[in-house]
Amino acid sequence: MNGVAEEFGSMVFSDAVMRQRLPEDTYQRLKRTIRGGHKLDPEVAGTVAEVMKTWAIEKGATHYTHWFQPMTGITAEKHEAFIRRTKDGNAIMEFSGKELIQGESDASSFPSGGLRATFEARGYTAWDPNSYAFIKDGVLCIPTAFCSFGGEALDKKTPLLRSMEALNRQTLRILHLFGHENVTAVQTNCGPEQEYFLIDVDILKKRRDLVYTGRTLFGAKPPKGQELDDHYYGAIKPRVAAFMKELNQELWKLGVSAKTEHNEAAPAQHELAPIYAVVNIAADHNQLTMEIMKKVAQKHGMVCLLHEKPFAGVNGSGKHNNWSLSTDTGLNLMDPGNTPAENAQFLLFLCAVLQAVDDYQEMLRISVASAGNDCRLGGSEAPPAIMSVFLGEELTEILTAIENETPVNAKEKTLLRVGVHTLPRFPRDTTDRNRTSPFAFTGNKFEFRSPGAPMSVSECNIVLNTAVAESLRQYADLLENAPDREHALHELIRDTVRAHKRIIFNGNGYDKSWVKEAAERGLSNLPTTADCLDHYLSEKNLQLFEEHRVFSETEMRARCAILAENYCKVTHIEAVTMLEMADRDIFPAVSNWRATLQERAEKSACRYEKETLDRLDSLMNDALDARDALRGGLSDVGCGTDADAARLYRDRVLPAMRDLRAAVDAMELLTPSERWPFPSYGDMLFSVK
Ligand code: ADP
Ligand code: MG
């Protein structure tokens with residue numbers, strides 16, 4: 001590749017390209033639409049489409065697609081050739097304004113959570129001019145929102161844009177109270193760190209569990225896992241380095257600013273982090289990143305696993321969602337300032353986040369719920385399913401001083417008054433910071449660590465943005481009407497700390513004692529997706545999203561149904577895969593080995609054969625019991641995919657899956673490697689040299 005700077009964004013119809021290629025008037029009108037969120041003028045759309053088409057064809061594109069993010073969690077595209085036949089039988093390349101701004105798509109094969117039954121099956125895609133079009137594999141991709149005939153959002157992008165708008169609205173009210181009259185827009189920033197595993201494709205093909213479900217359903221722990229921490233930040237292997245190099249190049253062309261890459265804690269685990277961006281762009285880019293990771297891995301003879309917990313006993317993969325708010329004048333609202341006024345403003349935003357995480361802890365947990373992430377959260381390597389906020393000692397001390405109206409430390413004599421005193425500086429982003437917290441303040445941003453590796457970042461940011469917007473709405477209502485604003489501000493911060501301090505936890509989130517303490521504090525603990533479903537449609541949640549115009553009740557119901565359906569379907573596929581692997585490969589292999597042992601036992605002078613046989617007999621019986629229980633569980637659930645079915649999967653199917661696995665993994669360790677039908681954990685985790 002030539003210079004990175006030249007190649008960066010070369011496949012993106014970016015602002016610079018638009019400014020250069022569009023007539024001045026069209027460019028200005030398009031920008032006004034983008035800034036003001038107005039509908040695009042058909043005439044402007046026509047000109048933009050023509051210029052976009054010419055640019056795309058110059059870059060080798062032959063097709064275009066509306067690129068959108070349905071509720072499957074991955075992106076969808078349906079390619080249309082630019083080509084059109086003329087009357088005289090020739091072909092011309094055509095792309096109209098109408099084709100640019102709106103597409104019609106048969107929505108019936110995408111999850112709609114019942115919206116399909118109530119409305120027409122048709123869905124519409126509409127260009128989101130906030131995200132730039134780009135070319136991928138010869139196809140011009142136009143980022144779009146996706147909604148039903150009745151206007152209900154059927155995707156992850158529409159509500160994200162709505163939540164950004166809600167947060168913008170409320171934040172501006174607060175900033176104007178602090179005298180920032182010149183701020184006209186506030187944006188939510190997101191930098192998602194993406195974890196993933198790379199496994200050799202030939203090894204992976206031999207594991208039906210990985211092929212069908214993306215995770216291993218069986219597999220005994222290898223003698224060496226991640227105990228020595230010798231992989232974390234270790235030297236990158238040549239094959240992986242070649243993969244990373246090509247991945248970066250492909251991402252850079254698409255304007256994705258992939259920046260850091262390193263080995264993660266588990267063997268074969270790696271991480272990529274981009275430079276943060278406005279959250280809707282970050283969400284698009286993260287979807288592209290995952291897609292391109294898979295493609296590039298394939299080219300290098302590997303498979304990129306994005307499952308939350310591909311391997312039991314070693315770390316799973318998350319997606320750390322770094323989140324902050326900034327103004328169009330360049331202020332980061334999560335950055336503690338230097339003056340008393342800046343400090344006060346920072347403390348108020350900090351309180352807004354604390355209150356949001358406390359008030360909407362269930363919804364935040366729900367935003368990262370999936371069958372896959374259930375395997376990871378609380379697994380002593382990932383944050384628990386209990387939401388809490390890590391602030392660090394220094395900041396907590398300050399909040400405690402405000403709460404109790406005491407001096408910050410022994411040296412200080414005066415009481416800390418918000419808006420009057422400067423706060424002591426807190427060290428930023430110390431390396432020994434707490435990594436066991438689901439939600440940590442890291443100096444000038446928050447890091448939400450619970451999202452699973454394959455998830456769209458939209459879900460959690462929709463909740464976070466809306467919940468923070470609600471805290472700020474309450475604060476703005478109060479402060480706008482306060483006769484003595486400084487006094488009211490001090491009391492507001494003090495009272496918020498008092499009311500929500502239970503959500504602050506600086507201790508070890510992996511510790512078992514935290515589960516008990518959290519319960520005493522009244523924090524909710526929702527270990528599985530099935531538990532989450534009971535809280536999804538609570539009055540509090542419905543009210544939040546309706547009030548801020550992020551979701552209608554209908555949309556909420558649809559999304560809850562989709563979550564339940566997904567959990568049930570994924571668990572069903574896993575259960576059936578386990579049964580197939582056990583019945584068709586594992587049990588016959590163990591039976592053969594038993595036969596050999598039996599033959600040899602009579603002639604053997606030592607106790608090895610007999611003892612192994614006894615042990616295998618007992619394990620085999622356990623495995624058969626678990627298999628029968630699993631079959632029974634599955635037949636009880638039937639083909640249900642609602643919240644009731646989800647509870648049955650949780651109570652009947654998943655425990656039987658765990659029992660079956662435990663017995664089979666123990667048998668694996670008593671069976672010769674060459675007789676075991678599947679590659680071992682060691683084979684998989686150390687497959688890439
Ligand atoms: P660490 O692994 O120490 O958490 P990384 O460098 O791997 O840190 O990732 C940090 C991520 O946070 C990057 O994507 C970075 O761009 C992002 N980030 C940095 N500052 C902000 C901010 N103000 N708002 C949102 N994201 C940010
Ligand atoms: Mg990190």
Side-chain angles (χ1 to χ4, degrees), residues 8 160 163-164 167-168 171 185-196 229 231-234 236 244 247-248 251-252 255-266 269-290 293 315-337 342 345-346 349-350 352-353 381-383 389-392 426-451 453 455-458 460-462 464-465 468 509:
F8 188 83
L160 179 63
S163 75
M164 290 163 70
L167 186 51
N168 174 56
T171 310
V186 174
Q187 70 178 38
T188 323
N189 302 308
C190 166
E193 298 163 51
Q194 179 71 51
E195 292 179 334
Y196 60 96
D229 277 332
H231 189 69
Y232 194 51
Y233 281 69
I236 296 171
M244 284 179 172
L247 174 64
N248 283 337
L251 290 174
W252 288 335
V256 179
S257 51
K259 185 161 160 60
T260 46
E261 55 195 22
H262 58 79
N263 287 350
E264 261 300 330
Q269 193 185 31
H270 312 279
E271 181 189 289
L272 179 146
I275 298 174
Y276 69 92
V278 191
V279 63
N280 64 316
I281 307 281
D284 285 0
H285 282 178
N286 182 251
Q287 293 291 342
L288 277 174
T289 301
M290 293 192 286
M293 273 177 169
N315 278 9
S317 299
K319 172 142 50 202
H320 296 176
N321 185 74
N322 292 277
W323 180 93
S324 70
L325 284 176
S326 65
T327 65
D328 56 352
T329 54
L331 284 177
N332 175 357
L333 301 176
M334 296 298 144
D335 204 346
E342 287 168 346
Q345 183 186 300
F346 163 72
F349 282 107
L350 183 70
V353 175
E381 34 90 4
V389 181
F390 169 84
L391 289 182
F426 349 100
R428 179 193 285 198
D429 211 6
T430 41
T431 43
D432 62 342
R433 65 171 201 249
N434 189 316
R435 290 187 173 270
T436 67
S437 171
F439 203 98
F441 180 67
T442 51
N444 62 352
K445 60 180 162 65
F446 279 94
E447 183 173 346
F448 185 32
R449 306 204 178 102
S450 306
M455 292 181 169
S456 157
V457 292
S458 300
C460 64
N461 286 299
I462 290 167
L464 197 51
N465 291 349
V468 174

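Counting starts at 1 for both ligands and their atoms, following the listed order.
Remark: distances from the non-hydrogen atoms of K259 to ligand 1 are all 4.0 Å or more. Within the 4.0 Å heavy-atom cutoff, E447 counts among the residues contacting ligand 1.
Interface atoms of ligand 1 facing N332, defined by a heavy-atom separation under 4.0 Å, are 23 (N). Close approach of ligand 1 to E271 (heavy-atom distance below 4.0 Å) involves ligand atoms 7 (O). Taking every heavy atom of I275 and a limit of under 4.0 angstrom, the matching atoms of ligand 1 come to 16 (O). Atoms of ligand 1 found under 4.0 Å from any heavy atom of G191, numbered from 1 in the order shown, are 14 (O), 26 (N).
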Open item on the list: Run F446 and F439 through ring pair (Phe, Tyr, Trp, His ring centres under 6.0 Å) and show every step you take.
Closed with: CA-CA 7 Å; F446 279 94; F439 203 98; 5.3 Å; yes

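For the pair N444 (side chain) and D335 (backbone), a donor-acceptor distance under 3.5 Å is absent.
For residues 276-288, every residue pair satisfying the salt bridge (Lys or Arg N to Asp or Glu O under 4.0 Å) rule, not counting sequence neighbours, is listed here: K157-D284.
For the residues P192, P274, A273, the heavy atom positioned nearest atom 14 (O) of ligand 1 is part of P274.
When the side-chain contact (heavy atoms from CB on, under 4.5 Å) test is applied to S456, the partners found at least two apart in sequence or on another chain are K156, Q287, S458.
Each of N332, T188, N189, T171 was compared with S326 under the side chain to side chain donor-acceptor pair (under 3.5 Å) criterion, and only N189 meets it.
Across all non-hydrogen atoms, the minimal contact from K319 to A453 is NZ-O, 2.9 Å.
At least one N or O atom of E193 sits closer than 3.5 Å to an N or O atom of ligand 1. When only interatomic distances are considered, the shortest N/O to N/O separation between H262 and ligand 1 does not fall below 3.5 Å. Taking any N or O of N189, backbone or side chain, none lies under 3.5 Å from an N or O belonging to ligand 1.
There is no side-chain donor-acceptor pair under 3.5 Å between E195 and N315.
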